[in-house]
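Structure, as structure tokens:
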Amino acid sequence: MSTFLPFHVPEIGEDEIEAVVSVLRSGWLTTGSKAKQFEQDFAAMVGAQHAIAVNSCTAALHLALEAIGLREGDEVIVPTMTFTATAEVVTYFKATPVLVDCMPGTFNIDPAGIERAITARTKAVIPVHFAGHPCEMDRIMDLARRHDLRVIDDAAHALPARYRGKMVGTIADITCFSFYATKTITTGEGGMITTDNPEWASRMRMMALHGLSRDAWKRYTAEGSWYYEIVSPGFKYNLTDIAAALGISQLQKSERFWKVRERYAGLYDAGFADIQELMRPRVESHVQHAWHLYVIQLDLDRLRIGRNEFIEQLQQHDIGCSVHFIPLHLHPYYRETWGYVPSQFPVAGAMYETIVSLPLYPKMTESDVQRVISVVRDLIQRYRR
Ligand SMILES: *Cc1c(COP(=O)(O)O)cnc(C)c1O
């Protein structure tokens, strides 16, 4: 029997381990020179003016909404096909998350749905680049300009990704990345905000650390002093140097990681090309897909097996997989609090029944990928109508 292939394992090398150990030995554990360097490296890599390291993408989204001045009673448009973090941050302000259906194919938020959802109260839209495939940003930015909305990208899946040649991280007003353990690069927990707007950047930097009027790391160095001022009731969202040391190394490898994921996605595509019962991820020709996830869709009309049973079978064949996502409108909180019903989201609802996320990460070997392909093919063979 084969050994179990987990859905995800982070790729942590000896250099990451040494970088963390050297921070531990240095005597400076919290936000300091490593976090600063991580921000500079990240800004340079995506080509953004400002980068702010924080302890999660959720924190990043919260800070972004605060910076644009979201208020009680405002509305923010978010896709239903996402993780709860994208929408929950809106509720921190007693504002309303307005869910919008996705497009078949890429699972990304439907720009026509955004347009229909805009009201006089709409303040912002948070597109999610599902699985790492960039959203239709030209249409979304155009809608935003015409209706005076801010665009905050949830780019938790989208490092590195490009839309019409532009890096995700330079397109929206503010972009939020995640370095959670399963993401394309990781710091265990962590996130990054990019923007070209200096006022928002300094507001977010300050609010990430208690609303304190200067960088904490300067307070304790020769350049700084003991004096600070609190100008707003802020949050505690700063990234530690321990995590940032991991991030610096991971960022250096992000292009290599991406190449491996892209190659593996190509192997999956080739391995499933002749199977009618399964739909492979759609990739538009004008994007660079980050390949955070490889999501297949089962054609359930052609199979004698449901999605849940299919996942169980994969598990029994020692392959870990997952589902991205249970659409927000199906969760009790969103249903009961905001009154969403399935008929409002026909595309996301139908896709949800059919989707399976297969393992896709650089720590896998090519033979792991081939094994997943052959198990999936065998299952389809066995259960086809
Ligand atoms: C992982 C994820 C987040 C949250 O990221 P954290 O860093 O864990 O806060 C937000 N949005 C999406 C789409 C995600 O997949």
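Just follow the structure's listing: the first ligand is 1, and inside any ligand the first atom is 1. Just so it is clear, the structure is predicted and the values come from calculations on it, not from any experiment.
- Paired with H324 under the rule ring-ring contact (aromatic ring centres under 6.0 Å, His included), one option of Y294, F7, F83, F130 passes, and it is F7.
- Counting atoms of ligand 1 from 1 in the listed order, those under 4.0 Å from a heavy atom of A85 are 4 (C), 10 (C).
- Residue V128 is not grouped with residue F345 when hydrophobic side chains (ILVMFWY) are merged at heavy-atom distances under 4.5 angstrom, including chains of intermediate members.
- Proximity of V76 to V125: side-chain heavy atoms (C-beta onward) are nowhere separated by under 4.5 Å.
- Both the backbone and the side chain of S56 come within 4.0 Å of ligand 1, counting heavy atoms alone.
- When the side chains of ILVMFWY residues are joined at heavy-atom separations under 4.5 Å, either directly or via intervening members, L293 and Y180 end up in two distinct hydrophobic clusters.
- If you number the atoms of ligand 1 from 1 as listed, the ones under 4.0 Å from a heavy atom of G190 come out as 7 (O).
- Distances between N or O atoms of V128 and those of ligand 1 include no value under 3.5 Å.
- Between K183 and ligand 1, an N or O atom pair is found at a separation short of 3.5 Å.
- Remark: distances from the non-hydrogen atoms of H324 to ligand 1 are all 4.0 Å or more.
- With ring centers used as reference points, H129 lies 6.0 Å or more from H157.
- At a heavy-atom cutoff of 4.0 Å, ligand 1 is contacted by both the backbone and the side chain of C57.
- Using bins of under 30°, 30° to 60° and over 60° for the plane-to-plane angle, the ring pair F179/F38 lands in the tilted bin.
- The distance from ligand 1 to the heavy atoms of T86 drops below 4.0 Å at these ligand atoms: 11 (N).
- Note on ring orientation: taking the six-membered ring where Trp is involved, the planes of W291 and H289 are parallel (angle under 30°, cut-offs 30° and 60°).
- Within ligand 1, counting atoms from 1 as listed, the ones closer than 4.0 Å to a heavy atom of T82 are 13 (C).
- In summary, the aromatic rings of Y268 and F272 are positioned with their centroids under 6.0 Å apart.
- Side-chain contact check for H329 versus W338: every heavy-atom pair is 4.5 Å or farther apart.
- Checked against a 3.5 angstrom limit, the closest N/O atoms of D154 and ligand 1 fall inside it.
- The shortest N/O to N/O separation between S178 and ligand 1 falls below 3.5 Å.
- For atom 9 (O) of ligand 1, the nearest non-hydrogen atom from the set T58, T182, V54 belongs to T58.
- Residue contact check for ligand 1: A59 places no non-hydrogen atom closer than 4.0 Å to it.
- With a heavy-atom cut-off of 4.0 Å, H157 touches ligand 1 through its side chain alone.
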